[in-house]
Protein chains: 2
Amino acid sequence: MNELTSALAAALPDGRVLTDPDVVDSYARDRTFVPPGRPLGVVLARSRDDVVATMRWATEHRVPVVPRGAGTGLAGGATAVDGCVVLSLARMTAIRELSPQDEIAVVEPGVITADLDRAAREHGLMYAPDPSSYEISTIGGNLATNAGGLRCVKYGVTRDSTLGLEVVLADGRVLNTGRRTMKGVAGYDLTGLFVGSEGTLGVITAATVRLRRAPGELATIAAEFTSLRDAAAAVSAIVAAGCRPSMLELMDRTTLQAIDDWKNIGLEPSTRAMLIAQAEGSADEMAALCGAASFVAVSSTPEEAAELIGVRRLAYHAKERLGQCLVEDVCVPRSVLPEMITAIEEAAARHGVLIATVAHAGDGNVHPVFIFDRGLAEPPEEVWAAADEVFRAALDLGGTLTGEHGVGLLKKRWLGLETGPVAAELHQGIKQVFDPLNILNPGKAI
Amino acid sequence: MNELTSALAAALPDGRVLTDPDVVDSYARDRTFVPPGRPLGVVLARSRDDVVATMRWATEHRVPVVPRGAGTGLAGGATAVDGCVVLSLARMTAIRELSPQDEIAVVEPGVITADLDRAAREHGLMYAPDPSSYEISTIGGNLATNAGGLRCVKYGVTRDSTLGLEVVLADGRVLNTGRRTMKGVAGYDLTGLFVGSEGTLGVITAATVRLRRAPGELATIAAEFTSLRDAAAAVSAIVAAGCRPSMLELMDRTTLQAIDDWKNIGLEPSTRAMLIAQAEGSADEMAALCGAASFVAVSSTPEEAAELIGVRRLAYHAKERLGQCLVEDVCVPRSVLPEMITAIEEAAARHGVLIATVAHAGDGNVHPVFIFDRGLAEPPEEVWAAADEVFRAALDLGGTLTGEHGVGLLKKRWLGLETGPVAAELHQGIKQVFDPLNILNPGKAI
């Protein structure tokens with residue numbers, strides 16, 4: 001330890017500060033390829049007071065702090081910068097309260113997303129946001145990125161489930177925002193402002209989240225199509241019919257092939273796309289709306305449903321077998337989903353890049369996964385060229401660069417194309433109000 | 001016109017600026033009792049460009065601007081200040097776009113809330129937020145206050161239906177926030193920040209709002225109870241059973257008496273409370289959950305349902321027959337609804353004030369209506385003393401001062417009790433970023 005980190009260790013209970021270079025290095029990046037800086041050390045916070053002490057020290061010594069959950073982010077939001085301290089919230093794992101009557105829980109940021117959901121299910125409730133990483137991601141990371149997931153087509157994103165926050169500000173002061181009630185309009189929406197701000201405005205040490213009644217048995221179908229356009233048409237038909245799906249997932253041929261190569265799911269040569277849909281109500285109605293499908297599997301038991309959805313959950317790992325994956329995250333109005341997918345296919349062909357696409361189709365949220373050589377330290381030029389085309393196509397179609405992953409470091413160079421100079425100025429102004437010394441996750445998000 | 005207003009009139013198309021004192025006066029207040037200041041004039045904006053010209057002029061001459069919709073607010077958010085210009089958005093009434101495929105609409109702020117809902121219904125969709133004033137309130141006013149309503153127990157408040165905004169800033173620059181997509185996390189949540197900010201951060205000139213599939217036929221019941229506690233227990237039972245009501249309204253005896261005196265609804269002497277509930281699914285199930293009710297009416301046709309709900313919609317006007325009404329707006333966790341109502345009854349008794357209460361019970365959002373002498377210019381001291389007790393009781397119960405009406409001028413003196421000094425400092429900092437000259441609705445909301 002040097003003088004700085006010794007002062008930090010002295011301000012905290014024993015064992016909170018790590019400075020071993022190899023250990024520190026393992027906390028320096030998330031799941032992106034952005035090369036991280038070299039941190040001074042890592043704080044393993046176990047309480048709000050640990051966070052307060054860390055931020056007081058950081059303010060006193062002008063040390064950047066990079067807050068971090070489980071490091072499952074896909075945009076470089078938790079990438080360390082040189083000379084920073086990484087502040088891990090992963091050990092703040094208490095569910096402080098869970099009230100079935102009021103359908104709320106008060107949770108610390110290190111709670112694993114799926115663990116909160118399971119705790120809620122014991123009372124007939126659920127925690128709705130379910131990013132694909134929900135078995136390993138933390139609530140804190142979900143809040144920082146305003147994470148989405150498969151179910152948000154029906155239940156909304158993390159912000160929609162967040163009622164109030166306990167936040168430690170840059171100077172160590174504690175702020176409570178929001179409320180325990182379903183509604184509330186006292187003052188500006190600071191809660192919504194912190195959610196999705198990627199740790200640049202404060203460190204969230206607890207959240208009051210909304211739980212929802214868990215649905216009863218769900219109808220689940222998997223439909224195969226010989227064209228992407230037919231699959232997209234089925235998406236529109238299912239939504240328009242009022243089925244209100246809680247899951248409506250699309251996978252392209254490249255993705256299905258990767259899964260088939262790994263797990264042999266018996267993929268037909270003519271299949272170009274698969275749609276997996278889940279809703280309360282009748283599977284037969286959804287199946288009928290997939291009129292152009294070449295094959296529709298309908299689950300009649302929860303086990304069969306889990307199997308159908310399991311195929312979707314394999315997608316990411318199947319692609320990782322093919323090489324390194326840059327997972328992108330554009331989102332467009334649902335009506336132009338076919339155009340978006342076509343633009344991705346064209347970019348792939350033009351730049352000779354392998355792109356496998358899955359989509360939270362009901363939201364118009366498309367994840368093109370750019371696959372490249374395992375030997376490379378970061379994505380090669382042609383991947384970025386193809387990604388650049390995909391981003392611009394999304395914006396041209398009235399969409400956004402990022403539906404749920406966040407801006408982090410990865411998408412900062414495109415952000416201005418979407419938000420424009422006036423918003424950029426306001427973002428900087430807000431940042432200045434909350435973090436005048438620019439020590440909170442500097443360089444991210446805005 | 002004086003020199004100032006002449007310069008304003010010259011910057012705008014003919015007929016936009018009113019300065020006749022009587023006319024101006026009629027634009028100086030909303031539905032609260034806060035005595036207004038004297039404006040210089042009124043701008044009747046018909047376009048975004050009118051708003052831009054007004055804000056440029058206001059910035060140049062340092063003139064306060066008080067934006068205004070239909071003036072149906074209940075917190076003094078649109079109350080004029082001395083020497084201001086009232087900027088009416090009520091004539092910006094275009095629905096610029098309505099896309100059934102993407103389930104969104106782009107609307108100007110002067111659109112009447114119920115008109116947007118009706119336009120959506122032509123496509124099998126609805127605009128969910130429905131404040132009680134929705135037949136006369138504007139979308140712009142709803143956005144400014146983050147208005148709630150009867151249906152938000154199921155569909156959320158105005159912010160939950162707002163995807164993006166076109167905003168004219170204090171200096172006349174135009175900002176587009178948010179998106180047309182269901183999800184998006186590019187940059188800080190400026191959209192959410194403007195919603196509920198009561199015109200203190202910018203003037204909203206268009207909103208991209210989310211529409212939802214309109215439900216099919218709804219089951220509706222009205223249940224009478226001989227105790228408020230039994231009615232509250234039925235609320236909890238209906239929610240816990242997963243009925244997912246889209247309306248769950250409670251009225252106390254005083255309210256019912258006022259309605260009965262006016263419209264003779266055959267109120268039983270023993271009835272202390274009525275619950276009106278509406279949900280997709282079975283009326284019988286909801287009726288069964290009102291086990292302690294002395295009487296349950298179940299609608300079997302849409303006409304009967306409209307009649308049952310009509311009783312609730314009469315509530316406010318029935319009370320206005322008794323005197324002047326100060327409508328308050330506390331919101332508490334649903335589990336402590338009986339305690340909140342008891343606290344209101346105690347405050348009424350202690351201060352000798354007539355209070356009639358209705359509640360969006362499913363949200364824990366309680367409207368105690370303080371009724372006082374028609375001859376008074378503003379609520380007498382004992383009304384404020386009782387209101388003060390009600391506000392403090394709500395906060396003690398883990399609730400908020402205002403579930404949906406906003407802070408305006410009316411609740412500013414209590415706001416600090418809820419949000420605390422750190423939030424107050426951040427609110428001021430944010431205000432300074434957006435409106436450094438403090439010309440946008442000065443003195444409101446924060």
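Every chain is numbered from 1 and lettered A, B, ... according to where its sequence line falls, protein lines coming before strand lines.
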> So how far is it from B:M182 CE to A:C152 SG, rounded to the nearest 0.5 Å?
Replying inline: 11.5 Å
>> I'd like to check B:D189 versus A:F194 (side-chain heavy atoms, cut-off strictly below 4.5 Å). Are they in contact?
In response: no
>> Could you check whether B:E103 pairs with A:R334 (Lys NZ or Arg NE/NH1/NH2 to Asp/Glu carboxylate O, under 4.0 Å)?
In response: yes
> Counting distance only, does the side-chain N/O of B:D102 pair as donor-acceptor with the main-chain N or O of A:S335 below 3.5 Å?
Replying inline: yes
> When heavy-atom pairs shorter than 4.5 Å are enumerated against chain B, which of A:L190, A:V157, A:L401 gives the highest number?
Replying inline: A:L190
>> Do B:V433 and A:Q428 make a side-chain contact, defined as non-hydrogen atoms from C-beta onward lying under 4.5 Å apart?
In response: no
> Any sub-3.5 Å donor-acceptor pair from B:R213's side-chain atoms to A:R244's backbone N or O?
Replying inline: no
> By a 4.5 Å heavy-atom criterion (distance strictly below it), what part of A:E404 contacts chain B: side chain, backbone, both, or neither?
Replying inline: both
>> Go through it in stages, so that I can follow the logic: the residues are A:V185 and B:T145, the test is side-chain contact (heavy atoms from CB on, under 4.5 Å), and I'd like the CA-CA distance, side-chain angles, deciding distance and then a yes or no.
In response: CA-CA 7 Å; A:V185 290; B:T145 56; over 6 Å; no
> How long is the gap from CG on B:L426 to CG on A:L193, to the nearest 0.5 Å?
Replying inline: 9.5 Å
> Salt bridge or not for A:K183 and B:D363, using N-O below 4.0 Å?
Replying inline: yes
>> Check whether A:R180 reaches the backbone of B:G399 with its side chain - one donor and one acceptor, N or O, closer than 3.5 Å.
In response: no
>> Which atoms of B:I104 are under 4.5 Å from chain A, going by heavy atoms: the side chain, the backbone, both sets, or neither?
In response: neither
> Where does A:L415 contact chain B at under 4.5 Å (heavy atoms): side chain, backbone, both or neither?
Replying inline: side chain
>> Given heavy-atom pairs under 4.5 angstrom as the criterion, report whether the side chain, backbone, both or neither of B:S236 touches chain A.
In response: neither
> Ignoring hydrogens and geometry, is there a side-chain-to-backbone donor-acceptor pair from B:H427 to A:G187 under 3.5 Å?
Replying inline: no
>> Less than 4.5 Å apart, side chain to side chain, heavy atoms only: is that true for A:R173 and B:E425?
In response: yes
